[in-house]
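Below is one structure, written out as structure tokens; comments come after it.
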Amino acid sequence: MTKVTTAIAVATSLFALAATSVSAEKLTIGLASEPTAMDPHFHNLGPNNAIAFHIFDRLVAQDEKQALTPGLAVSWEPIDDLTWEFKLREGVTFHDGSPFNADDVICTITRAPDVPNSPSSFGAYLKGKTAEKIDDYTVHIKTAEPYPLMANDISTIPIISDTAGCSATTEDFNAGTAAVGTGPFKFGDYKPGESITMMRNDNYWGDTPAWTEVEFRPIKSGPSRVAALLAGDVDMIAGVPTTDIATLEANEDIQLSQGVSNRVIYLHLDQFRENSPFVKGTDGGQIKNPLMDPKVRTAISKAINRDAIVDRVMEGVALPAGQLLPDGFFGVSENLEPMEYDPEGAKALLAEAGYPDGFQLTIHGPNDRYINDAKIAEAIGQMLTRVGIKTSVETMPRSVYFGRASKGSPEGLPEFSFILVGWGAGSGEASSPLKSLIHTYDKDKGFGSSNRGRHSNAEIDAVIEEALRTVDDAKRQELLAKATEMAIENAAIIPTHFQVNTWAAKKGLEYIPRTDEYTFATGVVKQ
Amino acid sequence: MSDVLQVNALRTHFFTHAGVVKAVDGVDFTVRKGEVMGLVGESGSGKSITGFSILGLIDPPGRIVDGSIRFNGAEIANAPEPELQKLRGNRIAMIFQDPMMTLNPVLRIDTQMIEAILAHEDIPRQTAWERSRDALGLVGIPSPEERLRAYPHQLSGGMRQRVAIATAFLNRPDLIIADEPTTALDVTIQAQIIHEAQKLTRQTGTAMIWITHDLAVVAGLADHISVMYAGRIVEQGATDDVIDRPLHPYTVGLLGSVPSANKRGQRLYQIEGMTPNMLAMPTGCAFAPRCRAATPGCDTAPPITDIDGRHLRCHHPQTVGVAS
Amino acid sequence: MTAPLLEIRGVSKRFTKRLDVAGKIAQRLGSKIREETVHAVDAVDLSIAPGEVLGLVGESGCGKSTLGRVVAGIHGASDGQVLYDGKDIAALTGAEKRAATLAIQMIFQDPFASLNPRMRVEDIIGEAPRVHGLVSASDASNYVDEVMSKVGLDPSLKRRYPHQFSGGQRQRIGIARALAVKPKFLVCDEAIAALDVSIQAQVINLFMDLREELGLTYLFISHDLSVVEHIADRVAIMYLGRIVESAPTEALFAAPKHPYTKALLAEAPRLDQRKRDFAPIEGEIPSPLDPPPGCHFNPRCPLARADCREARQMLETISPGRAVACHHWTET
Amino acid sequence: MTVFIIRRLMQAILVVFLMSVIVFFGVNVIGDPVHMLVSPDADQADIEATIRRLGLDRPIWEQYLLFVSGAAQGNLGNSFIFGEPALKLILHHMPATLELAFSALFLAVAVGVPLGLYAGLYPDSPLSKGIMAGSILGFSLPTFWVGLMLIMLFAVELGWLPSTGRGDTGHILGIETSLATRDGLSHVLLPAMNLALLKISLAIRLTRAGVREAMGQDYVKYARAKGLSTRRIVFVHVLKNIMIPVVTVMGLEFGSLIGFSVVTESIFAWPGMGKLLIDAILQLDRPVVVAYLMIIVLFFVLINLIVDILYSILDPRVRLRDQGA
Amino acid sequence: MSDVIAPETAAPAAKVETPFRRFVSEFFESRIATVALCVLGLIILLAVLAPWITPQNPYDLAQVDVLDGRLPPGSEAFAGYTMWLGSDGSGRDLYSAILYGLRISLSVGVASGIIALAIGMAIGLLAAYAGGRTENIIMRVVDLQLSFPAALVALMLVAILGKGIDKIILALVVAQWAYYARTVRGTALVERNKEYVEAAQCLGLSRLRVVFRHILPNCLAPLIVVGTVQTAHAISLEATLSFLGVGLPQTEPSLGVLIANGFEYMLSGRYWISVFPGLALLFTVVSINLVGDQLRDVLNPRLKK
């Protein structure tokens, strides 16, 4: 009984909140990046997904910590090793009034991996999965092998309407005619490069949002974005540049919110070439690749002053990293701490490995991808130079960088020897970085797709593969932690820090930070 | 005959970085109604500056530093700009050397003629247009209505100079200053232009100052001739007197320099040296360094002397024939 | 008669503005554009004996300067030949060609544009003799002194630049430059037109002195009848690309035959005419782009008839040394 | 005139062709667009699927031929990133850039010509010297720096004008433009000022030089000799003459305004073609880069043509020559 | 009004007045230009002497410490010296970085200017002297090149070529050679038709000699003017490209990179990171432009009285 009353009380208070805000509350948000389409399946990319999730719901949602919560599915569970059952929410209607049922799910799963001209599809999440309608509110999804991450994968797919959306083209979505979902906001207006406007869905099945209208404005230049907030042109901005955080903090009219993200910034080291192109001896001549030696890799890790990076480069807005995901995520190890800064130890290790005088190295990194990426590369260059590894720094736009880093060498192999990269775990748990960054490169199985250092260790591979087959959560968590520990032990990669994302809003508003870096209008609350 | 213009002791100097250029340095002359006065001199002698001084068109760094210019009895040297504006183009008109440069290339002939009338008279545009058309007819331009619609570059050099003459006569001025108006033209065209100018001055009784370096032109056109050298008029008199019985050694030399039939094949009379540096004028007679008759006494400035109704600035008038 | 030093045979010079591809397409599409050809010089014959001064007279645009440049080898002729010492210059090669080139020199009108402002006088004068090996490098300096003295310039000024000289002195530098390669023949293109009267006399005298001293032959181009009358042995009158009359100077000035010559003589201002009435011939020189048919002078000619509009009268010898191109010259 | 247009068209075709080759192959060298596009989670098979979908698996010359045959039919290819026809994207962004460029041009002429006129008429007055010093400064300041300063001053410190974005749009003659609304105009002002700064300097210097030269010309002296008022001389005789170079140069500068809008647009988050281009370059959206350049080439040819026609209208001397040739 | 002054300087002068001496004395008539030239000279001197007068080599990572980052002017660095102008985000002493940045900016500007000048000059001369079809083709290319904004051309090229000083110089050369070519061709055409060239022809001098000894020296004046303006422009353009993220590498910053890096600190009150390099750039470009302006006045025959 008490439970019910509480629920009612909450409901009424929510209603009251909603009622007060009925008087046309408009929210304007300045975004750091822009979606490329209103078609939720067109481009599997952060900015697109963030916008799509306003208009479209998913079967399984992720909360601000990326924990799975019910969305259009009220429950999901494996009914056997190879089949997952999703129970759908009843009584939900699309923005155009048509009811939501299993047909919409089936057509979505068919359309999502295969949108014409799509630069990056959702295929990766739906590969090997077949969906089947059991009844109007039950859907089964089958895989060929046991697959524990079913719900994580499904949580990335926005559900579109069978009638309005499934046969529509991307252009129809951009025009708004097909952009019909069940989400908290309805499509309003889409002006590429300029603004995206949405109206509140007053019939939303969940909590009715506080805002009657939301406008997203892409302002890519950081200072301009801050200026727009300070000038009052927007109510809130995402991606506050670290340089401005201190000033904004001191500004009484501005409210900041920060949250650690799922993104780790790390170093990949060439471990597959005897003659690595950007490693040279102290005299500039070719030497046998020292990065293949775990001692050297550990020495490098010891030479990096993570606290200095966090404090000076990131202005305190980051966390030193000792593994692949920050604390609190599924599959992280409790035993790992960030490597201690120990330049003397690093020198000693280098000497032990046979490089008392160090060697020459080039660090490559992007300059427009991660927060302060070029500066971090430079700082690392400085630190390594101090322990005797004379490091030069080369940064480039990501358009150039990633292609070269992945397959820029004449043989189509990763071109660089030592690179700075980042990884955000979209699934919100540790298998994502383990599978892509640590596992041996294996094109056929899709493992190690971003393993640009080509670290390869059969033991770790085995643990990862086992984890990926293990449906039992506790056991899987253990396996993932173990794989992580082994990788760090081996210095397969060298994590430096976890990004912390910052949002800034005008006084009276606050944003609930999200680890997945998405900016949701529903996450903006009035204080 | 009444005096239209009296210029007395006019001095126009240019104050340049390098020093003071005394472009006009004490010029006196008188122009009477209906009379053509030839103002002759070589380049740099100050003859054009004299013309511009009369119209008050000297720009900084130059200015009239001394002297008087009386036009129809009224003093106009350094008169206020609005007063001069009323005179210019109205009572005193000017014709320039190069008609290509003086007509505004981007304005049609009619615009440029009509504005010259409307600047001085408040009459309907149509009337002004008609008067312009008639004026073009008077200087012998065929189909003037068509020409009025033309742009300057569509006319030949001779035509343009006719337009300039027609424009000068539009407001029936009392005086026209023609600054080398035929120098840029061919012999046959020059004859045409002189013909038109001569005809119109005779018809209207307008006085004219014809500035030129060509003695032969003024010989056939002018009533009086003033010869300028280095900013001063060195000799002045009736045309016949000056040409046939020159008194100043410079005039003598100038006339001797002109090739002609009776000197064929012989060496020409040669004035040695060159025009003086305007920044470093010799004291006394400016011509002395080049003068064959010069004596040490020439380093004092010669006064103006009157000989048989002629004015002369020379210590040693050449009473005997032309040097040859 | 002695063999001519220089002979011009049927020389024409045309300047053609060709149509480019776009122009041709436009023409196909019916645009009224066409190739434009200016007949600057139209089948001219002239010969000049050694030591002679030929005056070439005409108004601006008549082609006299172009003809001068063809003779001096600056322009090639479109048609016809220029013979020096009986040999076609265009057909010469090697040393002979160079000798002919150097033998004919030109004096220009503009004393400012005709001297390279960035070169010292000694280089302006001395460059060509040095390049052609007429003097050795060590003798060059003395040679320049010598040439400068010859034209009445103070050799001590040879290290100066042209802008430091007056117009008359510059013209002397130009003459010295030509003389430095020991020419036989000088083309003087309005060589005194830009000078003040008193300086003109100096330069004319210089030309006459040099002729005597060095035995030079001149093609003396001028619009100024009195100058030509003074200096030339023979005069050719040019009108719109053609020679209309040529005659010994005295004969021509005494009794001009061609109506154009008559008009020119009548209208040139003269010192000995006072308070005259200027009674000019009508009309202006037609555009050389679009010359009138037949005799070019016919639109302005008091004698013009139908035949003048139909056919051109070629230059016709009417008495020894005199030629005239007119259908009706006898009528005066 | 016909010849002129034909010549220009032929040039345009040649340039468009050359440009397409250079850009197509050039952009291909820069980097690998696929790695910009795919989600980091994608595995190797996904990446290859994307490569196939975008046709990037074919040899580059084959891709180029495909592009050319498409271009011949008016299809410049689909944006890798947006999936829409590149042409459509660019046309969509064009009005914003054009209104910015036109506003800047207007500012340049409206501010630069009067100042230049003053500086030319009174070259020795202190104000003129100030104007000229200002114009040197305007010449020398990098656009991006000025843009930031403008935002700092007018949007952040003073709060008078919005800092970024395009604002409300309205319709003028059926064209959607922010010049039609108050809000839109307030948004245009800062970026237009930023973009115009260089051109204002240019207009000042051009006008001043023109006035000084014109004032020394005989036709001005002649006009004075005709007794014309100074006002008429300046505003009819002088101004009409100097407008010839001013209009010509400013017209040609319109092209560079569009070029420089790349900088201004990225600072002011102005949703125009320039921003589209720089994004496309950074993301290796080759079809958009290529299409942008194709369109810009045509644009420039068009501008040059218009300028030449304007020139011949303003300068009667040119008109005749055109008829003749 | 040729009547006004006839500068007959034939009266024996104390020394021979060469065109160069005349030019120098006319140049220094303007006080502003004199000051600008001095400032420019000082800037160049500072840039040249940078390694000897700065406490830090900002390009040597061993000397740069991120722990020194973002220090305000007057702070002391770990190494003990005072950072009079503060430090940037990576710990570079701004005073040192600005002087080194000046070296890069100036050398980029000057190198691209000289190369573009050489190429433009050669092509312009070729066009003017060859005439006909060659000239037509060359000038069409020049026209097209000129109708594209240099910023756009450079932007595209740098995007294609990638980063690096050599590449940015190449891009600037490609973006700018046409200005020189047009200028040279324009003046050469005027000069070619002058009588002194005809005289040289008459004297049987070779074509090469006429072009290089006679025409070329007379084309230099406008080229120098264009050269200064274009050099200033190149420096500014390099800064813009760096700002757009396609310019020079992060670790060897030119002034443009320094400004761009400081740009993000502007709103946070660390004005010095962007303002000081900005001022250095401003002084450099303004003084070059002022010098260029005076050169234009002195070398332009049309303004001569």
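Since we're looking at a predicted model, the values are computed, not measured. Protein chains get the first letters and strands the later ones, always in sequence-line order, with residue 1 at the start of each. The analysis underlying the following values was restricted to heavy atoms, covering all of them including side chains, and did not include hydrogens, waters or symmetry mates.
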Will you find, in the side chains of B:T188 and C:E267, an N or O donor that is under 3.5 Å from an N or O acceptor?
-> no
Does the C:E229 side chain pair with the main chain of C:S226, one donor and one acceptor, at a distance under 3.5 Å?
-> no
Look at the aromatic rings of B:H248 and B:F287 and report parallel, tilted or perpendicular, splitting at 30° and 60°.
-> tilted
When the 4.5 angstrom heavy-atom criterion is applied to C:L264 and chain B, the contacting part is both
Charged N-O contact under 4.0 Å between C:E190 and C:K64 = yes
Given that the side chain runs from C-beta out, which part of B:E196 has a heavy atom under 4.5 Å from chain C: side chain, backbone, both or neither?
-> neither
Of the listed C:Q200, C:R300, C:H223, the one with the largest count of heavy-atom pairs under 4.5 Å with chain B is C:R300
Of the listed B:P142, B:G157, B:S156, B:G158, the one with the largest count of heavy-atom pairs under 4.5 Å with chain C is B:S156
With a 4.5 Å cut-off on heavy-atom pairs, point out which of B:I271, B:L254, B:I193, B:V187 contacts chain C the most.
-> B:V187
Tell me, out of B:R290, B:H195, B:R267, who's got the most heavy-atom pairs with chain C below 4.5 Å.
-> B:R267
So which part of C:T249 gets closer than 4.5 Å to some heavy atom of chain B, the side chain, the backbone, both or neither?
-> side chain
Any luck finding a side-chain donor-acceptor pair between B:E180 and B:H213 under 3.5 Å?
-> yes
Could you tell me whether the side chains of C:H296 and C:R242 share a donor-acceptor contact shorter than 3.5 Å?
-> yes
Under a 4.5 Å heavy-atom cut-off, does chain B meet the side chain of C:D209, its backbone, both or neither?
-> side chain
